[in-house]
Amino acid sequence: MLHGLTVMLTRQHSNTESLQQQIQTLGARTVSFPLFAVESLMNVTMVNDIKNKLPACALAICVSRNAAEVLLPHLDHTNVCWAAVGPGTAQYLQQQGIADVLYPEKPPYNSQALLQRLLACNITLKNQYIMIFTGEDGDGWLPTTLIKHGAKVDVVALYKRIRPKLQPGQVTKMFNCDPKVDIIIVTCVTSLVNLIELAETAELDIRTLPLLVISKRIDKCARELGFTTVYVASSIADADIISELKNHIQHKEQAIGT
């Protein structure tokens, strides 16, 4: 179904291994080019502060698996109600011994869907203390909306995304591989910005390459940066990303046919 396609994956390998295998099974070639690394912001003061606050917390929300991976090693108890934005984060929490995790039952896996899931489960939000564990560049929609529902919200930035240290020659080699990259999967704004900066440092103009993104927010940023062809998957779920890759193949075939 994806024969002849070369797909660039820009998340850390640990987060894309399943997707990469599925894409290859469908006949495409993959190129791994992680565009950010996670740097923990945790220190002794933060750890103690979180441990002191968690017992009074009605709900603890991990916005990403990165947040969960940074946080969980520092906790020695899990006696609170947990929620996650997506199944990957929920699965990691469960693997660490947190049996019950609320998360959206179906795509799209985003903050809006998580809020709907909480409301559907009759989770009380008004006058409740909720902790949100996220990254430094996290989207502010969820805390703002929970506050509107009457919750007291504490947002804790556990990590920041940093640009990988690459030489221009390494970037040039990545984009001059044979066969050439056909489409780039980008799953966060940070990756998109880092992609452009690295390409410009290597004196490459990659804005004519198709992008596949997983939100309207990233789509808007991509178009503002000058990308001309952007496919938007309905969620970060592997199935939705693969669906958009198939859509790209159809567009290519139609273009060749005309």
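- Cluster membership check: Leu158 does not share its hydrophobic cluster with Val63, using side-chain heavy-atom separations under 4.5 Å among Ile, Leu, Val, Met, Phe, Trp and Tyr.
- Taken from CG in Leu192 to CD1 in Ile196, the straight-line distance is 6.5 Å, to the nearest 0.5 Å.
- Checked by atom type and distance alone, the side chain of Thr201 pairs as donor or acceptor with a backbone atom of Glu197 at under 3.5 Å.
- Atoms CG and CG, on Leu59 and Leu118 in that order, are 6.0 Å from each other to the nearest 0.5 Å.
- Residues Leu198 and Phe33 come closest through the heavy atom pair CD1-CZ, 4.2 Å.
- Interatomic distance, His3 NE2 to Arg29 CZ, rounded to the nearest 0.5 Å: 16.0 Å.
- Cluster annotation: Leu195 and Val38 are assigned to distinct hydrophobic clusters (Ile/Leu/Val/Met/Phe/Trp/Tyr, side-chain heavy-atom contacts under 4.5 Å, transitive).
- Residues Ile183 and Leu209 form no side-chain contact, since every pair of their non-hydrogen atoms from C-beta on lies 4.5 Å or further apart.
- Within a 6.0 Å sphere centred on NZ of Lys180, other residues, nucleotides and ligands contribute more than 12 heavy atoms.
- Taking hydrophobic clusters as Ile, Leu, Val, Met, Phe, Trp and Tyr residues chained together by side-chain heavy-atom distances below 4.5 Å, Leu212 shares a cluster with Val230.
- In plain terms, the two heavy atoms of Tyr231 and His248 that are nearest each other are OH-ND1, 3.3 Å.
- Taking 4.5 Å as the limit, some side-chain heavy atom of Thr172 sits within range of a side-chain heavy atom of Leu204.
- Counting heavy atoms from C-beta on, the side chains of Ile249 and Met1 never come closer than 4.5 Å.
- Atom CG of Asp49 has more than 12 heavy atoms from other residues, nucleotides or ligands within 6.0 Å.
- You'll find the side chain of Glu69 stays beyond 4.5 Å of the side chain of Tyr159, heavy atoms only.
- With rounding to the nearest 0.5 Å, the separation of CZ in Arg163 from CZ in Phe36 is 14.5 Å.
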Any chance you could lay out the side-chain contact (heavy atoms from CB on, under 4.5 Å) test for Gln170 and Met174, step after step, and finish with the verdict? CA-CA 6 Å; Gln170 294 174 277; Met174 194 72 66; over 6 Å; no

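- Leu125 and Leu54 sit in two unconnected hydrophobic clusters of ILVMFWY residues. Membership requires side-chain heavy atoms under 4.5 Å apart, directly or through other members.
- Gln95 is linked by a side-chain contact (heavy atoms from CB on, under 4.5 Å) to Gln91, Tyr92, counting only residues two or more places apart in sequence or in another chain.
- Ala202 and Pro168 get closest at one heavy-atom pair: CB-O, 3.6 Å.
- Annotation: side chain of Val70 is in contact with side chain of Met42 (closest heavy-atom distance under 4.5 Å).
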Per-pair distances, 0.1 Å, donor-acceptor, side chain in residues 127-155, under 3.5 Å, sequence neighbours excluded:
unit_1: Tyr129; atom_1: OH; unit_2: Asp154; atom_2: OD2; d: 2.9
unit_1: Asp137; atom_1: OD1; unit_2: Arg161; atom_2: NH1; d: 2.9
unit_1: Asp137; atom_1: OD2; unit_2: Arg161; atom_2: NH1; d: 3.1
unit_1: Asp137; atom_1: OD2; unit_2: Thr190; atom_2: OG1; d: 2.4
unit_1: Asp139; atom_1: OD1; unit_2: Trp141; atom_2: N; d: 3.1
unit_1: Thr144; atom_1: OG1; unit_2: Gly140; atom_2: O; d: 2.9
unit_1: Thr145; atom_1: OG1; unit_2: Trp141; atom_2: O; d: 2.8
unit_1: His149; atom_1: ND1; unit_2: Thr145; atom_2: O; d: 3.0
unit_1: Asp154; atom_1: OD2; unit_2: Lys53; atom_2: NZ; d: 2.9

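- Considering only heavy atoms from C-beta on, Ile23 comes within 4.5 Å of Leu2 through its side chain.
- Closest approach of Leu93 to Leu72, counting heavy atoms only: CD2-CD2, 3.5 Å.
- Ser64 places a side-chain N or O within 3.5 Å of a backbone atom of Ala67 that can act as its donor or acceptor partner.
- Looking at Phe175 and Ile206, their side chains come closer than 4.5 Å, going by heavy atoms from C-beta outward.
- Interatomic distance, SG of Cys221 versus CZ of Phe227, reported as 9.5 Å (0.5 Å rounding).
- For residues 238-247, the set of pairs meeting the side-chain hydrogen bond (donor to acceptor under 3.5 Å, both in side chains) definition, not counting sequence neighbours, comprises Ser18-Asp238, Gln22-Asp238, Ser234-Asp240, Ser235-Asp240, Glu244-Asn247, Asn247-His251.
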With side-chain contact (heavy atoms from CB on, under 4.5 Å) as the test, would you mind laying out the steps for Val232 and Ile214 before giving the verdict? CA-CA 5 Å; Val232 185; Ile214 50 89; over 6 Å; no

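- Residues Val156 and Ile61 do not share a hydrophobic cluster, defined by chaining ILVMFWY side chains whose heavy atoms lie under 4.5 Å apart.
- Listed here is the closest heavy atom pair of Ser191 and Val186: CB-CG1, 4.0 Å.
- Put simply, CG on Leu9 and CD1 on Ile241 are 8.5 Å apart, with the number rounded to the nearest 0.5 Å.
- Dense packing is recorded around CD of Gln24, with more than 12 heavy atoms of other residues, nucleotides or ligands lying under 6.0 Å away.
- The minimum heavy-atom distance linking Tyr103 with Ala84 is given by the pair CB-O, 3.2 Å.
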Walk me through it: do Arg207 and Glu200 pass the test salt bridge (charged side-chain N to carboxylate O under 4.0 Å, His left out)? CA-CA 11 Å; Arg207 290 175 175 84; Glu200 288 179 345; 3.1 Å; yes

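- The local environment of CD in Gln167 is sparse, with at most 12 non-hydrogen atoms from other residues, nucleotides or ligands closer than 6.0 Å.
- When side chains are defined from C-beta on, Ile236 counts as touching Arg11, because their heavy atoms get closer than 4.5 Å.
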